[in-house]
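In what follows, a single structure is set out as structure tokens and then discussed.
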Amino acid sequence: MKRLYKKLIIVAVAATFFTETIILNTALGNGFYRGTLISGMHMGFLSWLTDNNQLEDVRMQVVYQLARRSVVKVVVKDAAGSGIVWKINDDCIVIAGSKHLLVKDVTAQVTFCNGERADAEILGYSQQYDIGFLKIDDKFVSANILRDIYEAVPAEESVNEADMPAEQPVLQIGADLSGNKEHFATGTVLGVGYEPVFNTEVLKTNCYSKAGMSGGGVFDAVGRLLGMISGGEVAKDAEIREAEVSYSLPVALIAAEYDNLNR
């Protein structure tokens with residue numbers, strides 16, 4: 001048996017028998033997230049969000065609970081950013097992140113949503129785009145990590161532009177860099193268009209983003225991963241350098257670059 005999957009099966013069985021769960025099958029196929037919400041801590045946090053009007057749409061509250069488990073903090077030397085759990089392979093976990101962070105070294109440290117850390121190796125980068133990948137060997141992956149991410153992983157098939165119509169609601173989420181809650185913002189899709197600075201078409205949203213959220217994810221109201229945050233527009237008169245319009249690299253582009261890396 002493959003070691004990583006063996007751990008995964010044990011954790012899944014234990015969760016089934018020892019916790020009350022709510023199963024959310026948002027969709028089948030590539031680019032979708034399928035998740036399990038444990039009814040104690042997670043549902044309590046959903047209640048906290050509702051009471052504090054942080055996420056008014058119940059659907060987005062559920063998406064948040066799934067998405068936060070797939071977003072990680074990535075530290076390379078003295079710099080930090082976000083990443084997305086991209087795949088669980090036979091012997092490792094693959095993280096997608098920003099090239100501008102990963103080029104700083106050949107190793108990194110990844111912090112998962114439960115606070116656990118693991119050493120990672122940089123796999124490689126895109127030659128054209130702000131996309132890179134790193135891997136965590138299974139010897140560094142605990143059962144606790146697997147429990148939290150085992151269903152928070154994109155499936156194989158990519159979401160295309162037709163699945164990203166303007167004005168649909170989205171959630172953007174970046175890693176916890178300061179020791180507080182994850183950075184997140186809700187908004188809508190503005191469209192998909194070419195931006196010279198990225199050398200490709202990007203997903204534009206009217207969600208706020210800030211330094212450190214690069215490498216984080218953009219999710220729609222049914223939990224699909226639409227793209228990876230890469231930059232944004234900051235108002236000229238802004239006192240704080242936070243973007244009011246964010247640019248994200250579409251998930252289809254990330255998938256294509258991962259395939260190129262593995263050829």
Side-chain angles (χ1 to χ4, degrees), residues 2 4-5 8 27-34 66-67 69-76 81-110 112 118-138 140-141 145-146 149-164 172-175 192 195 198-203 213-220 223-231 247-263:
K2 298 168 182 175
L4 194 57
Y5 285 149
L8 194 60
L28 297 177
N30 230 345
F32 288 77
Y33 281 67
R34 298 178 296 279
L66 299 178
R69 294 189 292 162
S70 69
V71 174
V72 299
K73 176 181 177 181
V74 180
V75 176
V76 183
S82 303
I84 302 168
V85 177
W86 185 251
K87 283 184 178 294
I88 298 178
N89 288 333
D90 295 348
D91 58 355
C92 68
I93 293 174
V94 177
I95 308 292
S98 298
K99 177 181 178 178
H100 68 258
L101 173 65
L102 301 184
V103 292
K104 296 179 181 293
D105 204 350
V106 295
T107 61
Q109 186 179 71
V110 173
F112 291 87
D119 293 330
E121 171 189 348
I122 310 301
L123 280 174
Y125 335 96
S126 167
Q127 295 299 308
Q128 303 180 64
Y129 312 114
D130 187 23
I131 302 170
F133 299 92
L134 55 158
K135 72 172 184 177
I136 304 170
D137 288 339
D138 65 342
F140 300 124
V141 180
I145 291 173
L146 287 174
I149 71 168
Y150 80 97
E151 285 187 327
V153 182
E156 296 299 323
E157 194 174 301
S158 299
V159 177
N160 57 42
E161 186 176 341
D163 297 315
M164 298 183 281
Q172 289 187 179
I173 183 167
V192 177
E195 287 293 331
F198 297 100
N199 191 34
T200 188
E201 290 194 339
V202 297
L203 170 65
M213 290 180 73
S214 292
V218 182
F219 303 85
D220 70 6
R224 296 185 299 180
L225 176 66
L226 300 182
M228 182 175 70
I229 304 167
S230 190
Y247 298 140
S248 300
L249 299 171
V251 69
L253 184 63
I254 302 169
E257 290 302 307
Y258 181 72
D259 290 342
N260 289 338
L261 187 67
N262 286 281
R263 286 178 180 171

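- Considering only heavy atoms from C-beta on, Trp86 stays 4.5 Å or farther from Leu134 through its side chain.
- Using a 4.5 Å heavy-atom cutoff, the side chains of Glu121 and Cys92 are not in contact.
- To the nearest 0.5 Å, the span separating CD1 on Ile88 from CD1 on Ile136 amounts to 10.5 Å.
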What do the steps show when you test Leu203 against Val251 for side-chain contact (heavy atoms from CB on, under 4.5 Å), and what is the final call? CA-CA 10 Å; Leu203 170 65; Val251 69; over 6 Å; no
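- Under the side chain to side chain contact (heavy atoms under 4.5 Å, CB included) rule, Ile173 has a single partner from Ile229, Val71, Ile84, which is Val71.
- Among all heavy-atom pairs drawn from Ile254 and Leu249, the shortest one is CD1-O, 3.8 Å.
- Listed here is the closest heavy atom pair of Ser70 and Phe219: OG-CZ, 3.8 Å.
- Residues Leu226 and Asp220 approach most closely at CD1-CB, 3.9 Å, considering heavy atoms.
- For the residue pair Ser214 and Ser98, the shortest heavy atom distance occurs at C-OG, 3.4 Å.
- Closest heavy-atom contact between Ser82 and Ala175: OG-N, 2.8 Å.
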side-chain contact (heavy atoms from CB on, under 4.5 Å), that's the test. Do Phe140 and Val110 meet it? Break it down for me. CA-CA 11 Å; Phe140 300 124; Val110 173; over 6 Å; no
Show your working on side-chain contact (heavy atoms from CB on, under 4.5 Å) between Val141 and Phe112 and close with a plain yes or no. CA-CA 10 Å; Val141 180; Phe112 291 87; 5.9 Å; no
Can you give me every donor-acceptor pair (side chain of residues 123-132, partner residue at least two apart or in another chain, under 3.5 Å) with its distance?
{"residue": "Ser126", "atom": "OG", "partner": "Gln128", "partner atom": "N", "Å": "3.1"}
{"residue": "Ser126", "atom": "OG", "partner": "Tyr129", "partner atom": "N", "Å": "2.9"}
{"residue": "Ser126", "atom": "OG", "partner": "Glu257", "partner atom": "OE1", "Å": "2.9"}
{"residue": "Asp130", "atom": "OD1", "partner": "Lys99", "partner atom": "N", "Å": "2.9"}
{"residue": "Asp130", "atom": "OD1", "partner": "His100", "partner atom": "N", "Å": "2.9"}
{"residue": "Asp130", "atom": "OD1", "partner": "His100", "partner atom": "ND1", "Å": "3.2"}
{"residue": "Asp130", "atom": "OD2", "partner": "His100", "partner atom": "ND1", "Å": "2.8"}
{"residue": "Asp130", "atom": "OD2", "partner": "Ser230", "partner atom": "OG", "Å": "3.0"}

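- When all heavy atoms of Ile149 and Arg69 are compared, the closest pair comes out as CG2-O, 3.3 Å.
- Using a 4.5 Å heavy-atom threshold, the side chains of Val72 and Val85 count as touching.
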